[in-house]
Structure formats: C-alpha cells, structure tokens
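Comments concern the structure below.
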Protein chains: 2
Amino acid sequence: MNKKMTSTHALKLKNSGVYPTAQRLAIADMLFDRHQHFTADSLQEALIFNGIKVSKATVYNTLKLFVEKGLVNELVIDSQKCFYDTNTSHHHHFYNIDTGELTDIESITPKMLESLSIPEGTTIDNIDLVVRLRNH
Amino acid sequence: MNKKMTSTHALKLKNSGVYPTAQRLAIADMLFDRHQHFTADSLQEALIFNGIKVSKATVYNTLKLFVEKGLVNELVIDSQKCFYDTNTSHHHHFYNIDTGELTDIESITPKMLESLSIPEGTTIDNIDLVVRLRNH
DNA sequence: TTTATAGTTAGACTTAGTCTAAATTTAAAC
DNA sequence: GTTTAAATTTAGACTAAGTCTAACTATAAA
C-alpha cells in the first residue's frame with residue numbers, strides 16, 4: 001500500500017507545484033486517500049497519533065500552501081476555527097450545530113434549494129449564503 | 001431625538017423579554033437606529049468613542065442575549081471573528097475579502113442565484129452555502 | 001430597609017492562529 | 001564528497017477573539 005500511495009501523493013504535490021518534503025507527504029498521506037473534513041488541530045492530532053511529529057507552524061504553513069495550490073478548500077463554517085475539505089469540487093454543506101457533524105451537499109442547483117431534503121431527526125437552524133468577492 | 005428613541009428601544013427590549021439595563025440600552029441605541037454589520041470589538045470601540053464605558057464581558061453577554069432573543073443575527077463570514085447584523089430578515093451577503101466590506105443581498109431567490117449581479121470592480125472568489133441543522 | 005436576584009466588571013485564562021529567529025534539510029555547484 | 005545557498009521546519013513567544021470567575025453593583029420585591 002504505502003510505496004504506491006506515497007509516490008501517487010508525491011506526484012500530486014509536484015503537479016501542483018508543491019515541493020514534496022517529508023512533512024508535506026505525511027500530511028498528504030493523511031488527507032488524500034479519501035475526502036474528508038478536518039481542522040488544523042485535528043490534523044496535527046492525527047499525525048501525532050500515527051507517530052508523525054510535525055510542528056504546529058508546519059501544519060498551518062502546509063495547509064495554507066495546499067489551499068493556495070487548490071489541493072484543499074477552506075470552509076468558513078464556524079467563527080472560531082477554520083475547517084478544511086479535501087473535496088475541492090464545487091459543493092456545499094450541512095453543518096449540525098449540535099453534533100459538529102459536517103457533511104457534503106453535492107452539486108446543489110438553485111432549483112434544489114427550493115426543496116432541500118435534510119437529514120432525518122434534524123431541523124434547519126439557518127441557511128447562510130456568502131458570496132466572497134475579490135477586487136480585480 | 002433621544003428621549004423618544006430611548007424609550008422605543010427600551011420597549012423593543014422589553015417586548016423581547018430582555019430587561020433594559022443602562023448598558024443594554026446604550027448598546028441598543030448604538031445598533032437599532034439603522035441596520036448595520038459589526039463585531040463585538042467594533043461595537044465596544046463605538047461605545048467607548050461615544051463616552052459609554054461598557055466592559056468586554058458585558059458586550060459579549062449582551063450580544064449573546066440579543067442573538068438568543070432574535071434581536072440581532074450572528075454571521076459566520078470569517079473564521080477569525082464573529083460578525084453581527086441588525087437586519088434580522090432573511091437575506092444573504094457579499095463579503096469583499098480584500099476590503100472587508102460586507103453588504104446585504106436582499107431577498108435572493110434560487111432563480112436569482114443563477115444570474116447573480118455582483119458589484120463593479122469585483123470577481124467572485126467563492127460562494128459558500130451552509131445549511132445549519134439542529135437535532136429536534 | 002433588608003434581602004435576594006440579576007447584571008456588570010476587571011482581569012486571568014483559553015484557543016486558534018501568526019511570527020520570528022535558529023536549526024535542519026535539500027539541491028546545486030564545485 | 002564538500003561547500004554553499006535556498007527552502008523548509010521548528011520551538012516557543014506572541015496576538016486576537018472570546019470565555020470564565022469571583023467580587024461588586026444595581027434593582028426588585030418583601
């Protein structure tokens with residue numbers, strides 16, 4: 001498993017113009033095998049749990065770099081901490097404020113918004129739509 | 001101006017089940033005369049600028065209370081700080097990540113999303129749609 | 001007036017994230 | 001292989017937003 005995966009990830013980094021250092025590869029290995037949501041903190045914990053020691057500064061630097069290069073997306077879901085998503089396709093989110101659970105709403109269209117079907121046992125607290133602009 | 005306004009705001013607080021203390025009224029006077037976007041910090045600065053001394057704890061407590069009572073809305077626009085909005089009607093936002101400018105998109109319908117007209121001189125960086133759920 | 005309750009306060013504390021300057025790694029040149 | 005230069009990583013100090021606590025103050029009710 002590891003040999004092949006690692007080289008795949010190394011290639012993925014190189015193709016995005018990211019020099020594949022040991023730490024970046026360790027982080028890529030943690031993230032890119034499946035789509036997932038995580039925070040800087042949860043990522044570092046997972047690394048440490050797997051015996052990989054990476055400093056906080058490197059975790060933050062690497063995430064910033066991966067976001068710049070389009071390898072992960074930044075999610076503004078909570079005002080207190082930043083979430084990341086390895087699913088970089090255009091999609092949206094359910095966020096359960098009681099459980100903290102974050103799940104994808106794949107390929108929503110404006111029409112679907114009208115009759116959005118939500119997970120069982122939950123009610124909508126609010127819907128936030130934020131259009132982030134840049135000056136050009 | 002002040003006598004009438006103050007009593008209007010006192011009434012507004014009472015109607016929402018908020019006991020109108022001096023500090024809460026001072027905050028209500030700052031906020032409710034017009035719809036506006038603000039942070040806990042900018043609110044406290046504005047109060048101090050107007051010679052009204054209110055502690056940080058009270059600013060946070062009061063905002064939490066006002067949110068609970070539906071007098072202001074909490075906006076998750078930025079992962080670093082919480083924005084508030086005195087416009088509690090259902091609407092969405094443009095957020096200019098270069099200037100920090102936050103403006104309303106009033107009464108957007110799913111259909112309007114398809115052909116959203118954005119402010120001159122800007123491009124869309126991303127659109128985040130978050131559906132916040134509660135367990136019931 | 002007293003007493004109980006609610007609200008306010010300063011400042012210590014927490015948490016997420018940034019910054020800095022030194023140490024390490026790597027690539028390239030010799 | 002060594003040396004050198006550039007990029008990366010690191011620990012830990014620092015910042016900013018927000019929470020907590022325990023003392024103090026104001027208010028309401030008896």
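As the structure is a prediction and not an experimental result, all values here were calculated from the model. Chain letters run A, B, ... following the sequence lines, proteins first and then strands; every chain starts at 1.
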Exercise. Return no unless some side-chain N or O of B:Y60 is found under 4.0 Å from OP1 or OP2 of D:dT19.
Key: no
Self-check item: Nearest-Å distance for atom pair CG/P, residues A:D78 and C:dA16
Solution: 10 Å
Quiz prompt | Parallel, tilted or perpendicular: ring planes of A:Y84 versus A:F38, cut at 30 and 60 degrees | solution = parallel
Practice problem: Spell out, as yes or no, whether a donor-acceptor pair under 3.5 Å connects the side chain of B:T86 to the backbone of B:Q36. | Solution: yes
Quiz prompt | Closest-nucleotide 5' rank along DNA chain C - winner of B:T58 and A:F83 | solution = B:T58
Self-check item: Rounded distance (Å) that lies between atom C1' of C:dG17 and atom CG of A:L43
Solution: 14 Å
Practice problem: Measure from the side-chain N and O atoms of A:R24 to the backbone N and O of A:T62, and report whether any donor-acceptor pair falls under 3.5 Å. | Solution: no
Quiz prompt | Pair of N/O donor and acceptor under 3.5 Å linking D:dG18 base with B:K81 side chain | solution = no
Quiz item: What distance do A:D29 atom CG and A:D33 atom CG have between them, rounded to the nearest 0.5 Å?
Solution: 6.5 Å
Quiz item: According to the interplanar angle, ranging from 0 to 90°, do the rings of B:H93 and B:H37 count as parallel (below 30°), tilted (30 to 60°) or perpendicular (above 60°)?
Solution: perpendicular
Quiz item: Using a heavy-atom distance cut-off of less than 4.0 Å, which residues of residues 45-52 of chain B contact DNA chain C?
Solution: none
Quiz item: Taking the side chain from A:N50 and the backbone from A:I52, do they hold a donor-acceptor pair closer than 3.5 Å?
Solution: no
Exercise. Output yes when a side-chain donor or acceptor of B:Q23 lies under 3.5 Å from a complementary backbone atom of B:S55, and no otherwise.
Key: no
Quiz prompt | Nearest to side-chain heavy atoms of A:S55, which nucleotide of D:dA11, D:dG18, C:dG17 | solution = D:dA11
Quiz item: Just to confirm, is there a sub-4.0 Å distance from OP1 or OP2 of C:dA10 to any side-chain nitrogen or oxygen of B:K53?
Solution: yes
Self-check item: N or O in side chain of B:Q80 less than 4.0 angstrom from D:dA17 OP1/OP2
Solution: no
Self-check item: Residue-phosphate contact under 4.0 Å: A:S79 side-chain N/O, D:dA17 OP1/OP2
Solution: no
Exercise. Using only side-chain N and O atoms of A:T21, determine if any of them is under 4.0 Å from OP1 or OP2 of D:dT8.
Key: no
Self-check item: Closest listed nucleotide, where the reference is the side chain of B:Q23 and the choices are C:dT9, D:dG18, D:dA11
Solution: C:dT9
Practice problem: Please report, rounded to the nearest Å, how far the C1' atom of C:dT9 is from the NZ atom of B:K56. | Solution: 12 Å
Quiz item: Tell me: NZ of B:K64 to P of D:dG18, nearest whole Å?
Solution: 12 Å
Quiz item: Do B:I77 and A:D128 touch side chain to side chain, with heavy atoms closer than 4.5 Å?
Solution: no
Quiz item: What one-letter contact string describes nucleotides 21-30 of chain D from 5' to 3', where B marks a base within less than 4.0 Å of any protein heavy atom, S marks contact via sugar-phosphate atoms alone, and - marks no contact?
Solution: ------SS--
Quiz prompt | Gap between atoms CG and P, on B:L75 and D:dA17 respectively (whole Å) | solution = 17 Å
Quiz item: Can any side-chain N or O of A:D85 pair as donor or acceptor with the backbone N or O of A:N87 at less than 3.5 Å?
Solution: yes
Quiz item: To the nearest angstrom, how far is B:L65 atom CG from C:dG7 atom P?
Solution: 8 Å
Quiz prompt | Closest to side chain of B:N61, choosing from C:dA12, C:dT8, D:dT10 | solution = C:dT8
Quiz item: Are B:Q44 and D:dA17 close enough that a side-chain N or O sits under 4.0 Å from OP1 or OP2?
Solution: no
Quiz prompt | Cluster overlap A:L133 with B:V76, hydrophobic side-chain contacts below 4.5 Å | solution = no
